Amino acid sequence: MAAIAIMGATGYQCSDSGKRANPFLEAYDTPYEIPPFDKITNDDYMPALREGIRLHNEEIKAIAENPDTPTFDNTILALDNSGEVLGKVIYVFGALTESNSSDELQTISEEFMPLFSQHEDEVMMNGKLFERIKHVYDHRNELGLAPDQLRLVDETYKNFVRNGALLSEDKKKQLSDINTKLSGLYLKFNKNLLEATNSFAVVVDNKEELSGLPASSIAVAAEEAKSRNLGEGHWVFTLHAPSRLPLLQYADNRELRRKIYEGYTTQATSGDNNNLPVISDILKLRAQKAQLLGYKDFGSLQTDKVMAKTTQSAEDLLMQIWRPAVKRVHEEVAEMQALADAEGADFKIAPYDYYYYAEKVRQKKYNLDESKVREYFAIDSVRKGIFTMAEKLYGIKFTEMPDAPKYDPSVTVYDVTDANTGEHVAVFMTDYFQRPSKRQGAWMSEFKGAWSNDSVSSRPIIYNVGNFSRPTADTPSLLTLDEVETLFHEFGHGLHGMLTRARYKGQAGTNVDRDFVELPSQIHEHWALEPELLRTYAHHYITGDTIPDEMIERLQAASTHNQGFTTAELAGAALLDLQFGKLNPTEDIDVEAFMAQVDKQLGMPAELTYRYRAPYFKHVFGSDEYSSGYYTYLWAEVLDSDGFELFKEKGIFDPATAAKFKSTVLESGGSVDPMELYVNFRGHAPSVDALLRNRGLEPMPDINLNPQTGK
């Protein structure tokens, strides 16, 4: 949220007229100021938003019209500390529309989000406020500021410029109109996607068609059928990952695999939930926005503010990864085709065969059946693993708070404390199980940020959300290896938010460059399958036996299996995103045709597609947060692969290395330039070689291959 921060409660109270108090407009009387979810109703959001905007406008007016000479404290810091009530309502509303949505919340969103977007624009385009910010910026080197203060001044100034502060009044109005329209389109995209995801299902009424599927997946499908009142002898598979992916990986029935794959790759492309025209409108408006702000295209606007600086530098990195990945894909397909031929299959490997035959190859080469491996990864065991990792690395412990407020019964809340002193560090919440009201994917966010001012500080409230299978009557939620890594990944984001010690809210936790924010998340994925940690948490859900050493050895041997596919679908999606960012359309664009054009130019293998195709590419079209920035996962993997090699060299729980990573990366937030932080930790700048080694890919000669020409 631009220019909006949270401090302690204002103590604002409703009148004594006997009316019920709005929970957002008074101090939270809860442990650590956790939002009182049980008291919040849908009727509270719009009044709280309007009051939050009114109060924030008063704060902005006081800063802008302050007669004193602009200083860091009375301008930059005052702005960073403003918007407490507004922040409270935005945090909760944003969280619940993503994870506990309803028709009523979606309707409220249509009024709520444009109003908030308009307010943000009014703040960012406030001429008097910007004059004071510019005065501090112009004199920043004369003010005796600390490095983190200088960086906050610099980032605040640039953020205002990128949001139209230097535009004429008529162009500011034009930009505000564009932002309001984009806000509405993002809402429409997300609504369409959620409804398209929930409206598709494959119903099976013949048990023979379930051949090959693990018992746990069959049980989940039976539970889904029961929830739809279909009764015994029916199984329902949905587009949600815990249902879709096991079917693609294990179902012997090829037609069943085709149905779920095509349902997934064509979701939100037709009917009332068609996102293709929404995307076309988004692309036109983004192009207008970029040109108004003086950029050649939207991708240039987005990358100018992060480590990459240009779309070309992001593309150059991706092509160093794309080419080796595609080479490996062809090798993987050849292996799978040979296996299929040997089994008498009379077809060429298609995209809906990839997961299935990749699993068959894995079992043949490594004697590793992931359905058996899952039995050691019950979700409670994996949660123990992340907490053990955090305590051994960073000296923190997690104690459940069973009576703490929560927004859904399946949420678990923890008090995070220093293991040595008992000092409160953060509140951490987990919301791991799939439900129809929750969008797909996994993510981390916060209900309260962190800040410190002299001897007073606020500690954060962080949460992780997932979409893992719910337990059944007989089986706990058993995670795939990918899901185990996802849980470690989001917990890494959580640690970034929980451990922050940056002084200013705008720099705390994950308030860092977009292409640096994935370093803490991705580096912690490496611990998931490290033998030393595995033995502490991977226990069979029935017998309680520790995962056998020989299975660990096979997991290690198979760690780079199928990395051509995994890397190419990710790099392909990132390259597609960058190509969308280069467009400057003035007329409607045929989104499907454009994707096909990029396929051809990249040389996309026929056996796979992008991890996310445009109609369900929420990272890129559900907001502008990751637009022209999906590459950041691979950009950060260059950092995390190189960084973890230091842990491997020194010991994965080496206290000195862990302490250095904690202080330089996790605690610093955005208070220091990210590359400086990384070099301070690692001792040198990173290269792509460590990523390729980690994925088992071979570097290829540096060919000047342009994704737009294929030459």
Side-chain angles (χ1 to χ4, degrees), residues 147-148 151 307 385-398 414 416-421 423-428 443-446 448-452 457-464 487-528 533 632 635-647 650-683 686:
D148 58 343
R151 183 167 171 80
M307 293 174 73
I386 60 174
F387 291 169
T388 299
M389 175 186 68
E391 183 164 2
K392 294 184 75 169
L393 285 171
Y394 310 122
I396 54 175
K397 63 183 296 185
F398 295 75
Y414 299 90
V416 187
T417 56
D418 186 297
N420 294 318
T421 67
E423 175 192 4
H424 174 70
V425 173
V427 170
F428 180 57
W443 62 94
M444 163 267 176
S445 193
E446 62 187 23
K448 182 161 75 82
W451 54 271
S452 62
S457 67
S458 169
R459 297 309 301 158
I461 301 172
I462 304 297
Y463 62 92
N464 276 177
L487 196 146
F488 272 79
H489 176 104
E490 297 306 333
F491 185 65
H493 280 311
L495 289 170
H496 202 186
M498 287 183 271
L499 297 179
T500 184
R501 293 291 171 180
R503 289 194 290 176
Y504 305 114
K505 187 177 186 306
Q507 297 176 335
T510 57
N511 288 312
V512 300
D513 286 4
R514 174 57 57 199
D515 43 12
F516 188 70
V517 76
E518 298 298 336
L519 168 60
S521 58
Q522 292 178 184
I523 197 170
H524 287 96
E525 290 181 38
H526 291 273
W527 272 269
L533 183 62
T632 59
W635 184 281
E637 191 176 337
V638 171
L639 306 179
D640 78 67
S641 298
D642 183 63
F644 190 68
E645 287 188 349
L646 181 61
F647 278 99
K650 302 291 187 182
I652 65 165
F653 291 113
D654 175 60
T657 307
K660 192 172 185 181
F661 187 77
K662 181 183 179 185
S663 63
T664 57
V665 176
L666 298 178
E667 292 184 343
S668 295
S671 61
V672 181
D673 178 82
M675 188 55 75
E676 184 180 339
L677 287 177
Y678 182 80
V679 173
N680 286 345
F681 164 66
R682 189 63 176 96

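Keep in mind the model is a prediction, meaning the values are calculated, not measured.
Using a 4.5 Å heavy-atom threshold, the side chains of R682 and L646 count as touching. Considering only heavy atoms from C-beta on, T632 stays 4.5 Å or farther from V517 through its side chain. Between V672 and P147, the closest side-chain pair of non-hydrogen atoms is not below 4.5 Å. Taking the side chain as every heavy atom from C-beta outward, L666 and P520 approach each other to under 4.5 Å. Y463 places a side-chain heavy atom less than 4.5 Å from the side chain of W443. Using a 4.5 Å heavy-atom cutoff, the side chains of V427 and Y414 are not in contact.
The two atoms that bring A426 and M498 nearest to each other are CB-CG, 3.7 Å, heavy atoms only. Closest non-hydrogen pair, H524 versus F661, comes out as CE1-CE2, 4.0 Å. Residues F644 and I523 approach most closely at N-CD1, 3.9 Å, considering heavy atoms. Considering every non-hydrogen atom in both V665 and H496, the closest pair reads O-NE2, 3.8 Å. Here the shortest heavy-atom pairing between N680 and K660 reads O-CE, 3.0 Å. Of all heavy-atom pairs spanning A508 and T500, the tightest one is CA-OG1, 3.5 Å.
Distance alone, capped at 3.5 Å, places no donor-acceptor pair between the R514 side chain and the M307 backbone. Checked by atom type and distance alone, the side chain of Q507 pairs as donor or acceptor with a backbone atom of D148 at under 3.5 Å. With R459 contributing its side chain and V425 its backbone, the two residues share a donor-acceptor pair below 3.5 Å. Remark: side-chain polar atoms of Y678 are paired, donor with acceptor, to backbone N or O of G643 under 3.5 angstrom. Formation of a donor-acceptor pair under 3.5 Å by the W527 side chain with backbone atoms of F488 is not found in this model. Panel note: side chain D418, backbone N420; a donor-acceptor pair is recorded below 3.5 Å.
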**OP:** In sequence, state the C-alpha distance, the side-chain angles, and the governing distance for E446 and I462, and then conclude on side-chain contact (heavy atoms from CB on, under 4.5 Å).
**Re:** CA-CA 4 Å; E446 62 187 23; I462 304 297; 3.7 Å; yes
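With no hydrogens or angles considered, no side-chain donor-acceptor pair links E490 and N464 at under 3.5 Å. Under the 3.5 Å distance criterion, with hydrogens and angles disregarded, a donor-acceptor pair is assigned to the side chains of E518 and S521.
The distance from the CZ atom of F428 to the CD1 atom of I396 is 9.5 Å, given to the nearest 0.5 Å. Note that CD of Q522 and OG of S641 are 8.0 Å apart. Values are rounded to the nearest 0.5 Å. Separating the NE2 atom in H493 from the OG1 atom in T510 is a distance of 8.0 Å, to the nearest 0.5 Å.
Applying the side chain to side chain donor-acceptor pair (under 3.5 Å) test to pairs two or more places apart or on separate chains, none has a residue in residues 665-677.
For N511, there are no side chain to side chain contact (heavy atoms under 4.5 Å, CB included) partners, not counting sequence neighbours. Under the side-chain hydrogen bond (donor to acceptor under 3.5 Å, both in side chains) criterion, T657 pairs with D654, sequence neighbours left out.
Ring to ring, F491 and F398 are close: their centroids are under 6.0 angstrom apart.
Around the NZ atom of K397, the shell of radius 6.0 Å holds no more than 12 heavy atoms that belong to other residues, nucleotides or ligands.
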